[in-house]
Amino acid sequence: MSDRIVGRLPLSDIFLRSLRVGDRVQLTGRLLVARDAAHRRMIETLRGGGGLPFDIAGQTIYYMGPTPPPPGRAVGAAGPTTSGRMDAYIVDLLDAGLVATIGKGPRSPEVRKAMLERGAVYFVATGGAGALLSRAIVAARILAYADLGPEAVREIEVVDFPVIVANDTQGGDVFEEGRRRFETAPGDA
Amino acid sequence: MREIHTQSIADTVSRLVREACTYLTDDVRCALESALEREASELGRRVLRQLLQNACIAAEEGVPLCQDTGLAVLFIELGQDAHIVGGDLSAALNEGVRRGYVDGLLRRSCVVEPCHSRTNTGDNTPAIIHTRIVPGDQLRIVALPKGAGAENKSALAMLEPSKGWAGVVDFVVEVVSKGGAGACPPLVVGVGLGGNFEQVALLAKTALLRPLGSPAKDPRLGGLEDHIEQRCNALGIGPMGLGGTVTVLDVFVEEAPCHIASLPVAVNLQCHAQRHREARL
């Protein structure tokens with residue numbers, strides 16, 4: 001478990017393979033932002049044989065829908081949403097070249113297998129730390145699907161955005177490993 | 001008869017939803033500080049430090065604590081001797097929600113219908129309103145902006161009475177065990193016990209309104225709360241599910257009489273921010 005690794009976006013294959021579960025990474029560069037409704041639309045487009053209105057190859061998606069920005073700020077509160085809801089969509093996006101995702105909460109066994117086969121990494125950010133994480137976002141613009149409002153696809157620029165490696169390219173899972181380490185028999189508590 | 005104007009009701013609701021979404025209450029801050037002292041996991045302590053830091057930043061900068069500013073759940077206690085003037089009460093409550101979310105730059109997270117277009121209503125209305133008529137001439141309003149992360153992992157069971165308290169404890173712990181990691185732990189666990197299908201869910205939600213650190217007055221229920229808390233913290237889920245010794249901050253049980261054939265149990269999970277604010281008019 002390493003402390004404060006610097007991650008430059010877009011993330012290279014070599015960098016992704018160097019990461020291990022529990023590593024604390026500070027990301028700098030550009031992220032795509034998309035959540036439920038945008039995923040539904042992306043997948044309908046891809047499965048209908050169409051192309052996405054932005055390039056997803058080599059990119060990292062942050063599962064997030066911000067509050068509106070106060071004057072002078074790029075975004076309002078901007079913490080992660082539950083990633084499990086995007087499990088139904090991620091495999092198509094991995095096949096389109098997506099290399100990493102950021103959210104909160106565990107992924108399904110099927111998604112973990114799909115990520116492992118493709119060398120993709122899943123990071124978690126702290127859920128509910130929307131004001132703190134907002135400070136690491138220096139610019140934001142709507143990239144597509146503006147009609148979805150808080151669920152539009154955005155491109156954001158982050159500086160030292162703090163995440164933890166939840167699923168690495170070796171098949172590790174921070175939720176399983178963490179729980180196993182701290183679980184006690186009911187009588188011990 | 002004492003008059004309460006709908007204008008002041010709308011103003012109050014608008015203020016309450018903004019404050020609830022922006023300022024952590026003192027009981028929650030104390031509970032997170034105490035969790036930081038107890039938590040054995042380094043990653044867990046890092047999460048808790050971030051949450052305390054987040055609360056300071058939100059308060060200083062007037063930015064919401066969390067981007068999921070929820071559906072606006074409003075608990076209304078209307079004194080039977082009060083007279084609402086100036087229009088429709090529920091319209092005034094929704095007007096307060098509309099202004100609070102739109103002018104307060106909170107996220108609008110409500111869709112018109114669940115299964116087809118899922119078009120956003122644009123102003124976070126309608127609010128979910130629970131009204132009780134009570135003695136007196138005052139109006140009490142409690143705003144509980146409820147995000148979906150923890151709400152989605154909540155559950156209800158109609159147990160057989162033979163399952164007893166052991167069955168209740170097992171069900172609550174199972175809900176936390178299965179969904180807790182994705183519900184923004186350390187959690188507050190609201191448990192409804194008894195009543196019927198719809199009442200037990202409301203009991204579980206109402207339980208979340210209790211200040212952290214205040215056990216049930218009935219020692220029987222207080223003991224049940226402690227037992228559930230110990231079992232949940234033994235799961236090892238920890239802050240944000242990354243492993244740790246503090247999975248729940250508190251457990252609150254509310255009960256009601258029920259049918260001779262029933263043992264309803266509802267578990268309403270709440271995230272670590274436990275946002276709520278109240279006012280009396």
Side-chain angles (χ1 to χ4, degrees), chain A residues 1 3 21-22 24 35-37 40 64-71 73 75-85 103-107 124-135 147-151 162 164 166 174-189, chain B residues 21-22 40-44 46-47 50-51 53-69 102 105-109 111 118 120 122 147-149 152-153 173 179 181-185 229-231 233-245 247 271-273:
Chain A
M1 194 160 65
D3 213 29
V21 157
R24 295 155 58 165
R35 50 169 295 149
D36 306 59
R40 183 174 156 184
M64 189 272 285
T67 60
R73 290 185 72 128
V75 286
T81 195
T82 309
S83 307
R85 290 195 317 278
K104 71 175 176 79
R107 310 303 302 246
V124 287
T126 296
L132 174 94
L133 293 168
S134 168
R135 278 189 164 179
D147 59 298
L148 296 179
E151 296 199 75
I164 292 169
V174 77
F175 301 99
E176 277 183 6
E177 292 175 23
R179 188 162 171 174
R180 211 177 301 130
R181 196 168 147 213
F182 291 97
E183 199 170 22
T184 52
D188 301 346
Chain B
C21 288
T22 311
S41 149
E42 189 203 322
L43 278 181
R46 175 181 184 264
V47 166
Q50 282 186 336
L51 295 177
Q53 205 186 339
N54 183 63
C56 293
I57 295 170
E60 278 167 21
E61 301 184 3
V63 170
L65 292 156
C66 176
Q67 72 294 332
D68 187 354
T69 49
V102 176
L105 300 177
L106 305 181
R107 197 181 74 189
R108 281 86 93 178
S109 310
V111 296
R118 294 185 65 90
N120 200 295
N152 283 346
K153 307 295 184 190
V173 173
C184 282
E229 186 175 327
Q230 283 172 17
R231 286 274 309 269
N233 284 332
L235 292 170
I237 293 172
M240 291 316 293
L242 305 177
T245 49
T247 300
C271 70
H272 48 68

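So you know, we letter chains A, B, ... as the sequences are listed, proteins then strands, and number each from 1. Please read these numbers as outputs of a predicted model, since none were measured by experiment.
- At least one side-chain heavy atom of B:Cys184 sits under 4.5 Å from a side-chain heavy atom of A:Lys104.
- Looking at B:Ser41, both its backbone and its side chain come within 4.5 Å of chain A, counting heavy atoms on both sides.
- By the side chain to side chain donor-acceptor pair (under 3.5 Å) test, B:Arg108 is found to be paired with no residue, residues two or more places apart in sequence or in another chain being considered.
- For the atom pair CD of B:Gln50 and OG1 of A:Thr126, the computed distance is 3.5 Å after rounding to the nearest 0.5 Å.
- Only the side chain of B:Glu60 comes within less than 4.5 Å of a heavy atom in chain A; its backbone stays farther off.
- If you measure heavy-atom distances from B:Glu61 to chain A, the contacts under 4.5 Å come from the side chain alone.
- If you measure heavy-atom distances from B:Asn120 to chain A, the contacts under 4.5 Å come from the side chain alone.
- Of the listed residues A:Gly149, A:Gly105, A:Gly128, the one with more heavy-atom pairs under 4.5 angstrom with chain B than any other is A:Gly128.
- Contact between B:Asn54 and A:Leu132 at its shortest, heavy atoms only, is OD1-N, 2.7 Å.
- Counting heavy-atom pairs under 4.5 Å between each of A:Ile164, A:Val124, A:Val75 and chain B puts A:Ile164 at the top.
- By the side chain to side chain contact (heavy atoms under 4.5 Å, CB included) test, B:Ala40 is found to be paired with A:Phe182, B:Thr245, residues two or more places apart in sequence or in another chain being considered.
- B:Arg118 contributes atom CZ, which lies 7.0 Å from atom CG of A:Asp36 (distance to the nearest 0.5 angstrom).
- Residue B:Leu51 touches chain A through its side chain alone, counting heavy-atom pairs closer than 4.5 Å.
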